[in-house]
Amino acid sequence: MKEDPDFLCDSVNLLTEGCRLSVRMHSSDDWPLAEVISIKDVGMTRYYYVHYIDYNKRLDEWVTEERLDTRKVQYPRKDGMTTGTSGTGASTPKIKVENVSILSQSRPASPLSLPPVTQQNNDATVLSAALQKKISRKRKIVDNEDSQDLPTPTPRQTGSMVMQHDDVVTRMKNVEMIELGLNKISPWYFSPYPQEMVNLGCIFICEFCLKFKKSRTSLYRHSIKCNLRHPPGTEIYRKESISFFEIDGRKNKSYSQNLCLLAKLFLDHKTLYYDTDPFLFYVMTEYDLKGFHIVGYFSKEKESTEDYNVACILTLPPYQRKGYGKLLIEFSYELSKFEGKTGTPEKPLSDLGLLSYRSYWSQTILDILLTVKPMPDNEKPQITINEICELTSIKKEDVVSTLQILNLINYYKGQYIISINKDIITTHIESFQKRKIRIDPKCLHWNPKDWSKRAKW
């Protein structure tokens, strides 16, 4: 049946924030279901910001009407339900849409309305409080209008980044491009950079001090004055071209805040706080004649009651798929070994972070199992879960879950035993051989501090 172009045009004009319809993905012939988050007019062209349902938010994008399939549209209602229309005039069953009633009332608040970041502690505190107040107010509106919403976890109140609540302010990417060193990177998620910065086509960031500038000329002038050629902290590890620097969030507040702003562009499951005092930041760099270039980092609470050895972890996109992610993870556990503790990353992990951790846990635990030697009075080697934890510094819950995922734990004659087959051994050896860079404990020069007393911060 041939489509009526007048009907399609009318359907496009009826679209509002919160509608769901099929949208053609960029560089693909797939038409997954997507939700319209925002609508804007640029000249004579109308753009729709869409989130693809069941896809990661980093794929969200602005699309034009030719990529929209308006034959079947789910419209939002105040009661949280959606109504469907099709090109043939037939109605579709009502489908529940989560948290859509808030979107149907008004356009999402502009992410550019946040106050600019300053170097002053008072301004940072005000910004943090304003952001959290806005998120709390939006969440209360949703809770009042839709009682069937799933409960949201309560964020910690002490971190530089905490769990992200799904708020209309933070659902849209607000930075088009950043330039960091020789790399131009398209951000994945929202980050509360100052309004005058996100209005630009590109933010220029100094790769040594992480200060952000409006133009390449401004960045060049800054680079002449900037005397940093490495992160402002203590170098605690160096092997070949790889170095790690420890930065105190209290002593180097400006750098730590700028690092959090940069990281938020690529971390969706966290939202930004400006209280960096309780945190240490471990920045991994790659050295050349121009200086130490940031590759990635992880942050860590100075004093964690839940045995977290990582709060946030990120490998910048230009350095992904090169083994640096596992190197960051391995380094975090090496610090835990020096502390004589078992550790675990703070949850929730991003999708890429979870894959990296599961791969690291699997390889590390299998390496232990394959090298354990049998006891003199027993032909078969024996090892307990607690012994694996002590050798790897991986927390018990993560060891058990990894063994379960690998299907290595079996119940036999009243006790749990670990069995390894040849396929798992072959896979482990192949993946282990691919890891060309590893942490050498001999190159780590670091003494853990006792942060139990806040006065030491």
Side-chain angles (χ1 to χ4, degrees), residues 37-38 49 51 56-62 108-119 123-135 138 155 159-181 183-207 209-214 219 249 253-276 279 281 283 294 296-299 311-318 320 348 350-353:
I37 305 299
S38 182
Y49 192 84
H51 165 64
N56 192 282
K57 283 172 61 178
R58 62 175 168 267
L59 299 177
D60 294 2
E61 58 180 335
W62 289 99
S110 171
L112 309 184
S113 62
L114 294 174
V117 178
T118 67
Q119 303 297 332
D123 292 345
T125 304
V126 171
L127 176 57
S128 174
L131 180 60
Q132 293 305 308
K133 185 176 180 180
K134 182 185 256 320
I135 292 174
K138 293 289 185 182
S160 59
M161 288 193 182
V162 297
M163 289 186 294
Q164 164 91 8
H165 291 290
D166 195 15
D167 180 78
V168 291
V169 177
T170 62
R171 292 186 73 180
M172 296 168 53
K173 303 173 190 176
N174 62 332
V175 178
E176 184 177 342
M177 188 73 64
I178 65 168
E179 184 171 301
L180 182 68
N183 299 302
K184 267 199 168 183
I185 312 171
S186 178
W188 296 349
Y189 308 111
F190 168 88
S191 182
Y193 275 94
Q195 179 176 349
E196 63 269 20
M197 303 303 298
V198 297
N199 284 333
L200 304 172
C202 182
I203 298 177
F204 298 86
I205 302 175
C206 175
E207 60 180 330
C209 70
L210 302 185
K211 288 184 178 179
F212 39 87
K213 300 296 178 180
K214 295 182 179 181
L219 180 65
K253 190 178 293 290
S254 175
Y255 180 90
S256 301
Q257 291 176 356
N258 289 334
L259 178 60
C260 289
L261 279 171
L262 173 63
K264 183 64 188 71
L265 292 170
F266 309 101
L267 293 173
D268 176 46
H269 61 295
K270 305 284 185 178
T271 188
L272 198 77
Y273 266 157
Y274 288 89
D275 180 17
T276 59
F279 279 78
F281 297 85
V283 178
I294 181 171
Y297 89 104
F298 67 88
S299 58
C312 294
I313 186 169
L314 171 71
T315 304
L316 292 173
Q320 292 178 357
S350 66
D351 55 343
L352 298 178

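FYI, side chains are in, hydrogens and waters are out, and symmetry mates aren't considered; it's all heavy atoms of this structure. On a predicted model such as this, the values are computed, not experimentally measured, just so you know.
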From [atom1] ([X]) to [atom2] ([Y]), nearest 0.5 Å:
| X | Y | atom1 | atom2 | result |
| --- | --- | --- | --- | --- |
| His51 | Leu59 | NE2 | CG | 9.5 Å |
| Leu265 | Met177 | CG | CE | 11.5 Å |
| Ile37 | Trp62 | CD1 | CH2 | 10.0 Å |
| Lys253 | Asn258 | NZ | CG | 12.5 Å |
| Lys214 | Ile203 | NZ | CD1 | 11.0 Å |
| Asp268 | Phe190 | CG | CZ | 11.5 Å |

Nearest heavy-atom pair of [X] and [Y]: which atoms, and what distance?
| X | Y | value |
| --- | --- | --- |
| Cys206 | Leu219 | N-CD1, 3.6 Å |
| Glu207 | Ile294 | O-CG2, 4.0 Å |
| Lys173 | Tyr49 | N-OH, 3.0 Å |
| Leu267 | Leu314 | CD2-CD1, 4.4 Å |
| Ala311 | Phe279 | CB-CE2, 3.3 Å |
| Ser191 | Asn174 | O-ND2, 2.8 Å |

**Request:** Just jot down the salt bridge (charged side-chain N to carboxylate O under 4.0 Å, His left out) partners of Glu61, sequence neighbours excluded, or say none.
**Result:**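 Glu61: salt bridge (charged side-chain N to carboxylate O under 4.0 Å, His left out) contacts with Arg67.
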
Can you name the residues that form a side-chain contact (heavy atoms from CB on, under 4.5 Å) with [X], not counting sequence neighbours?
| X | value |
| --- | --- |
| Glu176 | none |
| Glu179 | Lys184, Cys202, Phe204, Arg216 |
| Pro317 | Ile185, Trp188, Phe266, Gln320 |

**Request:** For Asp351, enumerate each residue passing the side-chain hydrogen bond (donor to acceptor under 3.5 Å, both in side chains) test, keeping only those at least two apart in sequence or located in another chain.
**Result:**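 Checked Asp351 against side-chain hydrogen bond (donor to acceptor under 3.5 Å, both in side chains); matches are Asn56, Arg58.
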
**Request:** Applying ring-ring contact (aromatic ring centres under 6.0 Å, His included), name anything that partners Tyr189, two or more places apart in sequence or on another chain.
**Result:**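 With sequence neighbours excluded, Tyr189 shows a ring-ring contact (aromatic ring centres under 6.0 Å, His included) to no residue whatsoever.
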
**Item:** Sole residue of Leu200, Ile178, Leu262 in side-chain contact (heavy atoms from CB on, under 4.5 Å) with Tyr193
**Value:**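 Going through Leu200, Ile178, Leu262 one by one, the side-chain contact (heavy atoms from CB on, under 4.5 Å) with Tyr193 is satisfied by Leu262 alone.
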
**Message:** Tell me whether Lys264 contacts the main-chain N or O of Pro192 through its side chain, where contact means a donor paired with an acceptor under 3.5 Å.
**Reply:**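 Checked: no pair found.
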
**Message:** So does Cys312 get a backbone contact from the side chain of Ser299, meaning a donor-acceptor N/O pair under 3.5 Å?
**Reply:**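 Yes; judged by distance alone, with no hydrogens or angles, the pair exists.
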
